[in-house]
Protein chains: 4
Amino acid sequence: MNDIGHNSDNATGNELKQFIERIERLHEERKAIADDIKEIYGEAKGRGFDVKAIKHIVSLRSKDANAVQEFEAIVELYKSSIGMA
Amino acid sequence: MNDIGHNSDNATGNELKQFIERIERLHEERKAIADDIKEIYGEAKGRGFDVKAIKHIVSLRSKDANAVQEFEAIVELYKSSIGMA
Amino acid sequence: MNDIGHNSDNATGNELKQFIERIERLHEERKAIADDIKEIYGEAKGRGFDVKAIKHIVSLRSKDANAVQEFEAIVELYKSSIGMA
Amino acid sequence: MNDIGHNSDNATGNELKQFIERIERLHEERKAIADDIKEIYGEAKGRGFDVKAIKHIVSLRSKDANAVQEFEAIVELYKSSIGMA
DNA sequence: GGCATGGGGCTTTAGC
DNA sequence: GCTAAAGCCCCATGCC
């Protein structure tokens, strides 16, 4: 009965509690979506696809094409500068 | 085979594309939730709360929930590992 | 008093404690090395190198060359099958 | 200066190579420690201990150490966020 | 505006 | 081989 934060005469505590609970609810939703994503990868795997490769493609599609090319360019530059095939 | 755009006789490409698009849709949903969370923090900030402190509290509440379960587990573990079945 | 594990007449608890402490010591050493690695990346960055690219090269060097090529091949296959440039 | 594959006038390549080799050396050391840890678990197993339980205990001890610090932090955080400076 | 810190997501590895 | 957990990487935020 002495819990700070849920007495009607502690408006600040109440408000804070409401914010926290809304955030925690969204965290749950976010986790549910993460689980859905995992489930889809499981399906794809069950259909014979290479999950790692799909993840890589999804990642590539989400990135700026120029940025990807520039990154690959510098990797090649470094590789040649150290005599790597 | 450069079936650009995916022909109906490229069943594999079609299936793969479906998987990828479902994943990307979920990524969008996940991002929308992340934005909602940020929005709530913005509200809280506007109401005079310390966003960093709230984040810390939310984090600790999440960890504490796990800690309770783990504590119960360790009691049994200690007992069994020292032969106190 | 249930101070299990540090009485001289509890040989099992003592032995267990020794194992745990040896492990924890190694965990500390491992962390020190991880910190050293981060420090080197910091040096490289200070010398004008692209840290992300170096990490990628280190990763490539640690992997089997054939495996890398095979992975890249399947990614290209998937990309073409969905009409991705 | 005698390294095959890069000339002494390729100072950048040399420097990069040095960074990479230092990192790879640390990776090896880190792996050696990981092997040591596995070895200790093997010893413990040979002495009749439950490896999984020990790992769990080590993990919890690590987390508990953090939890103590975080607990002290949260007390202040709660106080300040509800205006109990 | 760069830097350091922390949180979230991804990858990889260990165990079943 | 699959699932769970640990380490790593990246990004977003706060600080200097």
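So that the names make sense, note that chain A is the first sequence line, chain B the second, and so on, each numbered from 1.
Salt-bridge check for E28(D) with R25(D): passed, with a basic side-chain N closer than 4.0 Å to an acidic carboxylate O. Look at K79(C) and E76(C) and you find a salt bridge, because one of the NZ, NE, NH1 or NH2 atoms lies within 4.0 Å of a carboxylate O, short of that distance. Ion pair E29(B)/R30(A) not flagged as a salt bridge, since none of the NZ, NE, NH1 or NH2 atoms sits closer than 4.0 Å to an Asp/Glu carboxylate oxygen.
The nearest whole Å value for the distance from the CD1 atom in I54(C) to the C1' atom in dC8(F) is 16 Å. Note: CD1 (I40(D)) to P (dA14(E)) measures 16 Å, nearest angstrom. In this structure, I37(B) atom CD1 and dG7(E) atom P are separated by 14 Å, rounded to whole Å. K45(A) places its NZ atom 14 Å from the C1' atom of dT11(E), with the value rounded to the nearest Å. Across the protein-nucleic acid pair, K63(D) atom NZ and dA5(F) atom C1' stand 9 Å apart, rounded to whole Å. One can place NZ of K38(C) at 10 Å from P of dC8(F), the figure rounded to the nearest angstrom. Rounding to whole angstrom units, CD1 of residue I23(B) and P of dC10(E) are separated by 10 Å. Rounded to whole Å, atom C1' of dC2(F) lies 17 Å from atom CD of E43(A).
Residues Y78(C) and H56(A) keep their aromatic ring centres 6.0 Å or farther apart.
Residue S59(D) is in sugar-phosphate contact alone, with no base atom involved, counting any heavy-atom pair closer than 4.0 Å across all strands shown. Within the 4.0 angstrom heavy-atom criterion, no nucleotide atom of any strand lies near K52(B). K31(C) comes within 4.0 angstrom of no nucleic acid atom, judged by non-hydrogen atoms across all strands.
For K55(C), taking side-chain heavy atoms from C-beta onward, the closest of the listed nucleotides dT11(E), dA12(F), dC9(F) is dC9(F). Distance from the side chain of R30(D) is smallest to dC8(F) among dC8(F), dT11(E), dC10(E).
Taking CD1 of I82(B) as the start and CD of E15(C) as the end, the distance is 13.5 Å to the nearest 0.5 Å. D50(B) contributes atom CG, which lies 10.5 Å from atom CG of L16(A) (distance to the nearest 0.5 angstrom).
Side-chain N/O atoms of K55(B) and S59(B) include no donor and acceptor closer than 3.5 Å.
The bend of the helix from dG1(E)-dC16(F) to dC16(E)-dG1(F), defined by the angle between the axes of its first five and last five pairs, stands at 10° to the nearest 10°.
Mapping H27(A) and A34(D) onto DNA chain E by nearest heavy atom places H27(A) at the nucleotide closer to the 5' end.
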